[in-house]
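Written below as structure tokens is the structure these notes are about.
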Protein chains: 2
Amino acid sequence: MEGEPTLRLRIFNLNCWAIRYLSKRRQQRVRLIGDTLRQEGFDLVLLQEVWSEQDYSELKVKLAGCYPFSHYFRSGVIGSGLCVFSRFPILDTLLYQYSLNGYPYMLQHGDWFCGKSVGLPGSRAGVRASLLSLSPQLHAEYCRDKDAYLPHRLVQAWELAQFIRHTSKAADVVLLGGDLNMHPEDVGIRLLRGWTGLQDAFAEAMHFEGCKNGCTLVPDNCFTDKSELLPFPLGIRIDYILYKAISSFTVKCEELKTTTGRAPGMDIPFSDHEAVMATLHIQRQGQPAGATLGTADPALADVVTEARTEVGAGLRAARQQRYSSGRMAVLALLLLLLQAAAALATLAGLGAEQPFPKLSFCLLAFLALGVLVLATGLHLFHTMEVKMLHGTEDQMWMVLRALQERP
Amino acid sequence: MEGEPTLRLRIFNLNCWAIRYLSKRRQQRVRLIGDTLRQEGFDLVLLQEVWSEQDYSELKVKLAGCYPFSHYFRSGVIGSGLCVFSRFPILDTLLYQYSLNGYPYMLQHGDWFCGKSVGLPGSRAGVRASLLSLSPQLHAEYCRDKDAYLPHRLVQAWELAQFIRHTSKAADVVLLGGDLNMHPEDVGIRLLRGWTGLQDAFAEAMHFEGCKNGCTLVPDNCFTDKSELLPFPLGIRIDYILYKAISSFTVKCEELKTTTGRAPGMDIPFSDHEAVMATLHIQRQGQPAGATLGTADPALADVVTEARTEVGAGLRAARQQRYSSGRMAVLALLLLLLQAAAALATLAGLGAEQPFPKLSFCLLAFLALGVLVLATGLHLFHTMEVKMLHGTEDQMWMVLRALQERP
């Protein structure tokens, strides 16, 4: 065991906030990110919110020398925004799309049009450890007090955890770096960590340097929305590097760093999020560590129960919305039928003594038709939402039963 | 190795064609399926197209005695139609949704509203083999000569293969039973089998009994569409049971059976598809069989190239449709702007000598608005389609490169 070589792995994770036409000083920041990555020479770079494929292409050209392997994940209307640069060969990639990701009609929140989770394994010749790296982004939280997206985010956290459980057994080490849009104590994070056994690099790091409490949305950053951070004067931590060893390997976090409101040595930050950088030590052990995925944490059942309660609340809300939109569609259809009857009566010569109000009749008919189409669309969408929330509730129940049956 | 016990596993697979209000003699057939499953006592039952949750619930009640474990997969607007009954505990389930599944506006083909792939591992105490069972249904083929859905089905076959590769390493044995909507020699089947190493129970069976060539859509079945089978007088085989051993196990197919146009001993069939029933022998070997997922088939690169060519053709078509719908949206927007200008001019008193044609003006405006909304929706949809086809093409290219670099 002593003689086994150690792999020192340096990881860079950043939500780049690179939305074309919307993000401030985007091109300058993307250039800065590229320059820094080239200078620093990390082993693995996980980026989120690189929405423009052109930005990715520019980064790829700039970083070709030090990160010969890269991948951009295409999905959704806008894209997933996720890309990866690596010193090690990327052998294979897999994109997992969450079944729920906000509402298409909440245009101002935009999550429906993007936001996916990804996994990709790479391989390392040195200690021959196969890495499974994940770069997820979960649905944003727009209002913490009245978080309408909590059930969707919990479904995503659950699906992410299930995805990790099912795919990670082929790897030696699982690495996750991403913007999870959840505070460290939130039920979604506890669910993800509890159900996968992933360890938090911030909590485990032997040495930490950066924003207090490892925060990644801080008031010192000139791009952050200050009103959002009012209840959290120190900032919040929503970007994470998590890891775990699956087979005969051990992983230790030597160092964790975050940027502190601006890029090192510059007067602007990389993004509205802080970058998270970890140095991990990966070493092969003498014998397999055994099955490490099923965590024996007695609190896990409580976390799953808590999450299931929230998903259940979301399910009730979705059922209510499905019912409302269905009722609206039926009403619009009734109005249309009534109009058709009136038109037929007029054609048949009834009420001919009064002039027929053609214009307002047409306007009303189109209004009813518009409402019918819209309400039907909403009804279909909420039907899907109900199905997915119900399915997740079922899965959680199955897991709870298995957890309770365990000695 | 001689002393190791053998697990004899009997699997039943059927596309039930149980669409409420549409499928002929649905309730009678579902009852018949339930009765047969109870009598025969299979170990694992994989059903597709059970669209009504009520049908599932009735089956569940009827089969509770002999199949204590079951799961129904909820997804999409209508549901996935997939359910599983098992003699062994179902420990965990995972639903993978294909990124592409037809077009929402092709209502008569309906695939967009349903159709998902699923995986679930169960466990067996006897030889302690963990099973990963998959029950996928791929997009239907509506016209073989001019198959507009081929690129979508290839993306699904690819995603299914990738999903199996990434999830199966945790299992000892992978079983797949489903309606793949592809003929045995189709590129999608060759891709799926080549890239996962799954074996075809029909080809491997020591003993076969049933329709000639293992066909599962046959003219003898009173529910099949005879015109669809005109070019194939013997029928076609699109329902499969595939399997492979992952770790230190061997799997052999002792027997494969299909029904032959009607349920055994009855005068009506179970469904418009024939049921496929396999008896597998699973035995633990002395030493691990080693990595068996990466198949060394030299023809694999050719298959991936062929599939990539088809996906590329689909990508060009999707780009063309994205462009057409975008242009239509722009034209509708221009018409609306023109109308707005005309309305403003009238309000400003220009052309007051002529009566303003309010009614036709309103009708035209609503028409333009309708076209704008529809064309924008189509444009967004085809944008997603382009992204997913492009992403799959990329992934295939990555795999091709890795295959070619192999000695």
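Note on naming: letters A, B, ... go to the chains in the order of the sequence lines (proteins, then strands), and numbering restarts at 1 for each one. None of the values given here were measured: they were computed from a predicted structure.
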Worksheet item: Does the side chain of B:L363 come within less than 4.5 Å of A:F366's, by heavy atoms?
Response: yes

Practice prompt. Could you tell me the separation between the OH atom of B:Y72 and the NE2 atom of A:H390, rounded to the nearest 0.5 Å?
Written response: 11.0 Å

Item to complete: Could you tell me the separation between the CZ atom of B:F73 and the CD atom of A:Q395, rounded to the nearest 0.5 Å?
Response: 7.5 Å

